[in-house]
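Because the structure is a prediction, the values reported are computed rather than measured. Order of the sequence lines sets the chain letters (A, B, ...), proteins ahead of strands, with each chain counted from 1.
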Amino acid sequence: MNKYNPQKIEAKWQKEWEKKKRHETKDRAEGKKNFYHLVMFPYPSGDLHIGHWYNFAPADVYARFKKMQGFNVMSPIGFDAFGLPAENAAIKRGIHPRDWTEKNIKKMRKQLQSMGNMYDWSREVVTCEPEYYKWTQWMFLQLYKKGLAYKAKVPANFCPSCKTVLANEQVAGGKCERCDSEVIQKEINQWMFKISDYAERLLKEIDDLDWPETTKIMQKNWIGKSEGYNIKFEIPACSGEIPVFTTRVDTLFGCTYLVLAPEHPFIENHQAEITNYKFVEQYIESSKKKTERDRISEMGEKTGVCLEGVKAVNPVNGREIPIFVADYVLFHYGTGAVMAVPAHDQRDFEFAQKYNLPIKMVICPNYPKNICPILDRAFEDEGFLVDSDRFTGMPSKEARQRIGEWLESRKKAEKKIYYRLRDWLISRQRYWGAPIPMILCQQCGWQPVDEKDLPVLLPALKDFRPTGEGKSPLAKADKFVSVACPKCGGQAERETDTMDTFVCSSWYFFRYADPRNKEMFASKEKLNAWLPVNMYIGGAEHSVLHLLYSRFFTKAMQDQNFIDFAEPFLRLRHQGIILGPDGQKMSKSRGNVVDPDEQVKKYGADAVRMYLCFMGPYNQGGPWNPNGLVGIQRFLQRTWDIINSKTKAKTENQYIEIEKLLHKTIKKVTEDIEGLRFNTAVSSLMILINEISKQPEALKIENWKSIVQLMAPFVPHFAEELWQQLDFKDSVHSQSWPVYDSGLVKEKTALIIVQVNGRVRDKIEVPADLPEGQIRDLAFSSKKAQNWIDGKKPKKIIFVPNKLINIVI
RNA sequence: GCCCGGGUGGUGGAAUUGGUAUACACGAGAGACUUAAAAUCUCUUGUCAGCAAUGACUUGCGGGUUCGAGUCCCGCCCCGGGCACCA
């Protein structure tokens, strides 16, 4: 008998599809709506492990499903090819990053093709190719022109091992996200993107997106909006004032001192008035030396120094209060100064306890009883005001508004909003990235490279290793550095830093729409044909990095009218993470990376695809365990055998039950794929085949057609082969998705659960929609139920149509 | 510390709106076919009691709401992710 040989048919159909260019997508298809299906493009690290398969194979099931539903689906793929890991790996192996990257891409292309995904390779983009990074540089210039790219000397996160600065988003717990080394603070002149200009839009416009709620919350927290007041505290000693930001104006009467961040300019500007300046200076120096790590480990252990000789005046009651400098106050947030209310802020509370400062309670949980508890920690909740002059007795929420307005009318305060989001630092002192297209002229200052001179090619350096002195390796390439000023023509120097890879990946989804355009990153016509992305699938680890940056790019490009939409990804879903068999995150150093090749060789790509779908909920992931794969193989073999036995169907209505089950399965599979519940979709297919295998003669050939179609997205080669064996025309993948008959799906009978006092005592089968009265009679005549009713009179009867009757006695 | 997500058989998991808990699959056990093995097929498989019919118990723990709770509410424990002095 004809045996299912996955390796043979997979090779056959992959060749055939490629020959017929089955997966190339036209920008317009007659009578079809475009559907942009996108997976996060991979980083060419070398080998495609099972985690990649988990990302790409179920995603491809969705793409194929949408195609069969009649959409003109674009499913592109490419490589996020610049970046630190490639460079670090190349250094380790003593080869050039370009060679290493190209070799990996070649290998991964082959591996990706072996999965049988419907990628349109004609649209492939590779971010380290000049034809691509030309437009990355072009985007930089557009941002620069609008003042959204600027160079500034800021304290930055510096990784001593990677020898480059990093964005805030790339530092996790004081450590480098890539190599886990301790990050130190270093002041370097850096190129920044002004993402903070878009904080409000990034926050507001996320609401309407069909994204996982958790991802939205993460982005919102990262942006971190706070509304409050900037309050002016007068400093009589130097006839100046210090503004502080607070979200709790209602606690102002409880403010017993001010605290400035060590970097606050007031301190340096008033050396004369501060009588213990030497001491203060020492404190500032010592806190500067602290690493991010020190600050984290010291959390709770607050330090500071009082500025002797200067006092601040609380605008609300005219009282003079001391001023401290302490590094628990951050300079880069708000005004770099806070009003300390130890009774109602835990940090101030700890500081006040340590330095014996007055703790004055002004919010009570239970006014007018007015019994304030003795505090062992700050009371940060809402309550009623006490000891607050004419605001006493007012709920804190109302007081916030009233005190704010009152101060505003006296010009002592103004409404203010601050965001936690800081600007995006994009300079990297590394070789393997897109050069920043800027030129520094001693006469004219920073000048952008002329657009017609793009791309600024990355020179083919022999020694590309980082220098460690905070300078890019490109600085060593004299030919690259030395250039004529675009403005005056005089001697000038190129910027030698390269761009963070996240810049390259912030716009790649535009390029897929028009990948070979030489005039523009993509034409508006093609952008409008495809974007925004209809379905985006990728890991949750990008919740704030890539996904936030891409939204920023999209908004910035919209504002300059290069595109017509404000959000790049309308629908987003995350796949889970496949862990190593040991339950740990897969990593080469742990040696638990699973290569799917062995399983593919044994069971075929189709079985592996389907097993990945079947394993569990797609967004969950978990440890890799191939034990269940054999179950998928058995299922495919059984399906194959039944079809090949070519059992002829009998008369139409004899097997109506099977036909009904088929239509229920169509409904279930359709709904499940749409919701990315691949595991239950596969299980319902198994139930169907199990049922059919009991009576294979029950199915008409027409119904086999539907079944093969239902399976096609999961096991594309298998389905294509069966399609051909059943003598159907064309390709199964260009068929339209089966539609269920709602008449057949509707149940003719219902199984009624008979409960007595909420416990199941019997089950009775009745015609569907039988009215309550009749079911009641049936329930009472049930012997099993009668045993429990025991002749008693029911107190109550609960009836759920077509489901359940509960007799309460 | 704060914000999310999760905890169901030996294992992966199902239960879409508060209505049969354990679908589907793996594994295990028994049997059929076979000289034998593989493959395939059939049956059993949450726990306890029972020959059985059947009954009791069971969704991390403890309470609660409800005729009825894996699902809702309160309190706790554990695991995973994010944030981490953001005033």
Inset, instruction - Not counting sequence neighbours, which residues clear salt bridge (charged side-chain N to carboxylate O under 4.0 Å, His left out) with A:Lys415? List them please. - result: none

Legend entry - Nucleotide B:G82, atom P - distance to NE2 of A:His574 in whole Å: 12 Å

Inset, instruction - For salt bridge (Lys or Arg N to Asp or Glu O under 4.0 Å), just list the numbers for A:Lys660 and A:Glu691, CA-CA rounded to whole Å, side-chain angles, deciding distance to a tenth of an Å, and then say yes or no. - result: CA-CA 12 Å; A:Lys660 277 164 74 172; A:Glu691 216 41 55; over 6 Å; no

Inset, instruction - Determine whether any donor atom in the side chain of A:Lys795 lies under 3.5 Å from an acceptor atom in the base of B:C67, or the reverse, and answer yes or no. - result: no

Inset, instruction - Provide the distance between the two C1' atoms, one in B:C61 and one in B:G13, to the nearest whole Å. - result: 23 Å

Legend entry - Footprint string (nucleotides 4-21 of chain B, 5' to 3'): B base within contact, S backbone only, - free, heavy atoms under 4.0 Å: SS------BSS-B--BB-

Inset, instruction - Fill in the dot-bracket string of RNA chain B, one character per base: . for unpaired, | for a pair to another strand, ( ) or [ ] for pairs within the strand, taking Watson-Crick or G-U pairs under 3.5 Å. - result: (((((((..(((......[....)))((((((.......))))))((((....))))..(((((..]....))))))))))))....

Legend entry - Among B:C85, B:A87, B:C26, the nucleotide that comes nearest once only the side chain of A:Tyr328 is considered: B:C85

Got a list of protein N/O to nucleotides 70-76 of chain B N/O distances below 3.5 Å?
none

Legend entry - Separation between the P atoms of B:G62 and B:C78, rounded to whole Å: 16 Å

Inset, instruction - Compare side-chain N and O positions of A:Tyr333 against OP1 and OP2 of B:A87 and report whether any pair is under 4.0 Å apart. - result: yes

Inset, instruction - Scan A:Trp788 against the nucleic acid and name what it touches under 4.0 Å (heavy atoms): base, sugar-phosphate only, or nothing. - result: sugar-phosphate

Inset, instruction - Using whole Å, report how far CZ of A:Arg638 lies from P of B:U40. - result: 9 Å

Inset, instruction - Please report, rounded to the nearest Å, how far the C1' atom of B:C83 is from the NZ atom of A:Lys225. - result: 20 Å

Inset, instruction - Would you mind checking if A:Arg400 and A:Glu382 are paired as a salt bridge, meaning a charged N to carboxylate O distance below 4.0 Å? - result: yes

Legend entry - d(NE2, A:His332; C1', B:C85) in whole Å: 10 Å

Inset, instruction - Have a look at A:Arg422 and say if it touches a base, only the backbone sugar-phosphate, or nothing, with a 4.0 Å heavy-atom cut-off. - result: nothing

Legend entry - Nearest listed nucleotide, side chain of A:Asn221, among B:C26, B:C3, B:G82: B:C3

Inset, instruction - Could you tell me whether A:Lys302 and A:Glu350 make a salt bridge, using a distance below 4.0 angstrom between a side-chain N and a carboxylate O? - result: yes

Legend entry - B:C33 and B:A23, which share atom name C1', separated by this distance in whole Å: 30 Å

Legend entry - Phosphate OP1/OP2 of B:C3: any A:Trp222 side-chain N/O under 4.0 Å: no

Inset, instruction - Quickly work out the A:Ile577 CD1 to B:G81 P distance and round it to whole Å. - result: 8 Å

Inset, instruction - Would you classify B:G9 as syn or anti? Syn applies when the glycosidic angle is within 90° of 0. - result: syn

Legend entry - Nearest-angstrom distance, P atom, B:U44 to B:C57: 26 Å

Legend entry - P spacing across the pair B:C24 / B:U59, given as an integer number of angstrom: 22 Å

Inset, instruction - Hey, can you tell me if A:His344 and A:Phe379 have their rings parallel, tilted or perpendicular (30° and 60° cut-offs)? - result: perpendicular

Which donor-acceptor pairs under 3.5 Å do the side chains of residues 669-681 of chain A make with protein atoms, sequence neighbours left out?
{"unit_1": "A:Thr670", "atom_1": "OG1", "unit_2": "A:Ile666", "atom_2": "O", "d": "2.5"}
{"unit_1": "A:Thr670", "atom_1": "OG1", "unit_2": "A:Trp737", "atom_2": "NE1", "d": "2.9"}
{"unit_1": "A:Glu671", "atom_1": "OE2", "unit_2": "A:Lys667", "atom_2": "NZ", "d": "3.4"}
{"unit_1": "A:Asp672", "atom_1": "OD1", "unit_2": "A:Arg677", "atom_2": "NE", "d": "3.2"}
{"unit_1": "A:Asp672", "atom_1": "OD2", "unit_2": "A:Lys668", "atom_2": "NZ", "d": "3.2"}
{"unit_1": "A:Asp672", "atom_1": "OD2", "unit_2": "A:Thr680", "atom_2": "OG1", "d": "2.8"}
{"unit_1": "A:Asp672", "atom_1": "OD2", "unit_2": "A:Ala681", "atom_2": "N", "d": "3.4"}
{"unit_1": "A:Glu674", "atom_1": "OE1", "unit_2": "A:Lys66", "atom_2": "NZ", "d": "2.8"}
{"unit_1": "A:Glu674", "atom_1": "OE2", "unit_2": "A:Tyr62", "atom_2": "OH", "d": "2.7"}
{"unit_1": "A:Glu674", "atom_1": "OE2", "unit_2": "A:Arg571", "atom_2": "NH1", "d": "3.0"}
{"unit_1": "A:Arg677", "atom_1": "NH2", "unit_2": "A:Glu671", "atom_2": "O", "d": "3.3"}
{"unit_1": "A:Thr680", "atom_1": "OG1", "unit_2": "A:Arg677", "atom_2": "O", "d": "3.1"}

Inset, instruction - Count the heavy atoms belonging to other residues, nucleotides or ligands that lie under 6.0 Å from NZ of A:Lys585, then report whether that count exceeds 12. - result: no

Inset, instruction - Give the nucleotide from the list B:G27, B:C83, B:C85 with an atom nearest to the side chain of A:Arg420. - result: B:C83

Legend entry - Separation of B:C83 P from A:Tyr419 OH (nearest whole Å): 21 Å

Legend entry - B:C72 versus B:U20 - spacing of their P atoms, nearest Å: 16 Å

Inset, instruction - Check salt bridge (charged side-chain N to carboxylate O under 4.0 Å, His left out) between A:Lys225 and all other residues, then give those that pass, not counting sequence neighbours. - result: A:Glu200

Inset, instruction - Determine whether the aromatic ring centres of A:Phe351 and A:Tyr257 lie less than 6.0 Å apart. - result: yes

Inset, instruction - Check the distance between B:G81's C1' and A:Leu579's CG and give it to me in whole angstrom. - result: 12 Å

Inset, instruction - May I ask you to evaluate whether A:Asn230 reaches the phosphate of B:A87, defined as a side-chain N or O under 4.0 Å from OP1 or OP2? - result: no

Legend entry - A:Ser683 side-chain proximity, nearest of B:C67, B:A87, B:A23: B:A23

Inset, instruction - Could you please name the option among B:A87, B:C24, B:G27 that lies closest to any side-chain atom of A:Val338? - result: B:A87

Inset, instruction - Report yes or no: is the cationic atom of A:Arg609 (NZ for Lys, CZ for Arg) under 6.0 Å from the centre of the six-membered ring of A:Trp53, at an angle within 45° of the ring normal? - result: no

Legend entry - Ion pair A:Arg634/A:Asp641, N-O distance below 4.0 Å: no

Legend entry - For atom CG of A:Asn627 and atom P of B:C24, their distance in whole Å: 20 Å

Legend entry - Residue whose nearest RNA chain B nucleotide is more 5′ - A:Lys694 or A:Val808: A:Lys694

Legend entry - A:Gln633 or A:Ala337, whichever maps to the more 5' nucleotide of RNA chain B: A:Gln633

